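In what follows, a single structure is set out as structure tokens and then discussed.
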Amino acid sequence: ITDYLLKASQPYDVIKPAEGVAAADAERGKKVFEVRGCLACHAHDEFPASHAHQGPNLSRIAEKLSLDNPEQGAKWLYSWLREPNRYHNRTVMPNVYLDPYPVYRMENGKEVRDADNKPIVEQTIDPAAYAVAYLMKP
């Protein structure tokens with residue numbers, strides 16, 4: 001059924017991750033899944049205490065999204081997590097604001113600034129990318 005739905009679906013413009021994003025990390029993604037509200041609606045085998053049933057059980061979402069093209073499945077999931085109403089404007093999935101954010105270089109407790117007095121970005125954190133790494137792990 002999933003294969004048919006993927007082939008019959010309308011084109012979808014994916015959201016591209018921000019530049020300079022730290023590598024996606026499944027362990028960080030598990031923490032994002034746990035603390036950013038996902039368990040309020042979604043069950044997952046790694047969190048047996050959760051009894052949420054509003055949204056689908058996400059334990060095997062990687063299998064469903066990786067049928068023909070795992071990379072495309074991950075891109076779709078990233079876009080869905082970042083802006084669920086972009087895919088369907090009446091979705092009940094809330095926007096949990098998994099936007100990327102910068103981490104600034106610090107020395108002696110102060111931000112390091114460049115010649116133009118702008119803070120130097122050391123890395124960019126992307127909670128949605130981490131959640132995707134967690135959900136798409138085999």
Side-chain angles (χ1 to χ4, degrees):
I1 293 173
T2 305
D3 186 48
Y4 166 77
L5 290 172
L6 287 171
K7 289 178 181 171
S9 295
Q10 296 176 5
Y12 179 71
D13 292 327
V14 297
I15 298 171
K16 293 182 172 71
E19 302 226 356
V21 171
D25 180 337
E27 279 305 308
R28 281 184 169 181
K30 182 177 181 180
K31 192 68 173 173
V32 167
F33 190 84
E34 181 178 23
V35 301
R36 292 301 284 269
C38 304
L39 290 170
C41 299
H42 299 281
H44 194 286
D45 291 346
E46 291 190 30
F47 299 95
S50 173
H51 300 289
H53 299 292
Q54 173 67 29
N57 183 319
L58 297 178
S59 300
R60 295 177 48 216
I61 192 72
E63 293 174 29
K64 297 171 185 173
L65 293 177
S66 297
L67 285 175
D68 288 333
N69 187 339
E71 185 178 315
Q72 189 63 25
K75 286 179 182 179
W76 179 88
L77 182 57
Y78 179 84
S79 297
W80 174 257
L81 292 177
R82 286 282 310 278
E83 292 183 28
N85 61 346
R86 183 178 183 167
Y87 182 74
H88 191 285
N89 62 358
R90 291 184 1 205
T91 182
V92 295
M93 168 86 172
N95 185 336
V96 292
Y97 303 102
L98 297 176
D99 300 325
Y101 61 90
V103 175
Y104 299 105
R105 184 173 299 157
M106 304 290 285
E107 287 181 11
N108 300 321
K110 295 183 178 181
E111 288 179 351
V112 177
R113 296 187 170 262
D114 64 14
D116 295 327
N117 202 31
K118 293 181 183 175
I120 296 173
V121 175
E122 191 163 283
Q123 67 176 337
T124 301
I125 303 295
D126 191 342
Y130 298 152
V132 169
Y134 170 64
L135 291 170
M136 293 298 287
K137 74 179 183 178

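Heads up: numbering here begins at 1 and tracks the sequence. In this text, all values refer to a predicted model and were calculated from it rather than measured experimentally.
Minimum interatomic distance between Val32 and Ala131 (heavy atoms only, all atoms of both residues): CG1-CB, 4.1 Å. Residues Val21 and Ala18 come closest through the heavy atom pair CG2-O, 2.8 Å. Of all non-hydrogen atoms in Gln54 and Val92, the two that sit nearest each other are NE2-CG2, 3.7 Å. Ala52 and Cys41 get closest at one heavy-atom pair: CB-C, 3.3 Å. Of all heavy-atom pairs spanning Val96 and Arg36, the tightest one is O-NH2, 3.3 Å. Minimum interatomic distance between Pro100 and Pro127 (heavy atoms only, all atoms of both residues): CA-CD, 4.4 Å.
A 6.0 Å sphere centred on CG of Asp114 holds more than 12 heavy atoms belonging to other residues, nucleotides or ligands. Within 6.0 Å of the OH atom in Tyr87, the count of heavy atoms belonging to other residues, nucleotides or ligands does not exceed 12.
Salt bridge annotation for Glu63-Arg60: present, with a cationic side-chain nitrogen under 4.0 angstrom from a carboxylate oxygen. Between Arg113 and Glu107, no side-chain nitrogen of the basic residue sits less than 4.0 Å from a carboxylate oxygen of the acidic one, so the salt-bridge criterion is not met.
Every residue two or more places apart in sequence or in another chain that forms a salt bridge (Lys or Arg N to Asp or Glu O under 4.0 Å) with Arg105 is listed here: Glu122. Partners of Lys31 by salt bridge (Lys or Arg N to Asp or Glu O under 4.0 Å), not counting sequence neighbours, listed by chain and number: Glu34.
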Query raised in the report: Could you go step by step and tell me if Phe47 and His42 meet the ring-ring contact (aromatic ring centres under 6.0 Å, His included) rule?
Result: CA-CA 10 Å; Phe47 299 95; His42 299 281; over 10 Å; no
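Here the CD1 atom belonging to Ile125 is positioned 13.0 Å from the CG atom belonging to Leu98, to the nearest 0.5 angstrom. Taking SG of Cys38 as the start and CE of Met93 as the end, the distance is 6.5 Å to the nearest 0.5 Å. Annotation: the span from Lys30 atom NZ to Asp25 atom CG amounts to 12.0 Å, rounded to 0.5 Å.
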Show every donor-acceptor pair shorter than 3.5 Å between a side-chain atom in residues 74-84 and any protein atom, with sequence neighbours excluded, or say none if there are none.
| unit_1 | atom_1 | unit_2 | atom_2 | d |
| --- | --- | --- | --- | --- |
| Lys75 | NZ | Glu71 | OE2 | 3.4 |
| Tyr78 | OH | Arg82 | NH1 | 2.9 |
| Tyr78 | OH | Asp126 | OD1 | 3.4 |
| Tyr78 | OH | Asp126 | OD2 | 2.6 |
| Ser79 | OG | Ile15 | N | 2.6 |
| Ser79 | OG | Lys75 | O | 3.1 |
| Arg82 | NE | Asp99 | OD1 | 3.3 |
| Arg82 | NH2 | Asp99 | OD1 | 3.4 |

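In this structure, Phe33 and His44 have perpendicular ring planes: the angle between them is above 60°, well past the 30° mark.
Side-chain contact between Val121 and Tyr104 is present, with heavy atoms from C-beta onward closer than 4.5 Å.
Side chain of Asn69 to backbone of Gln72: a donor-acceptor contact under 3.5 angstrom is found.
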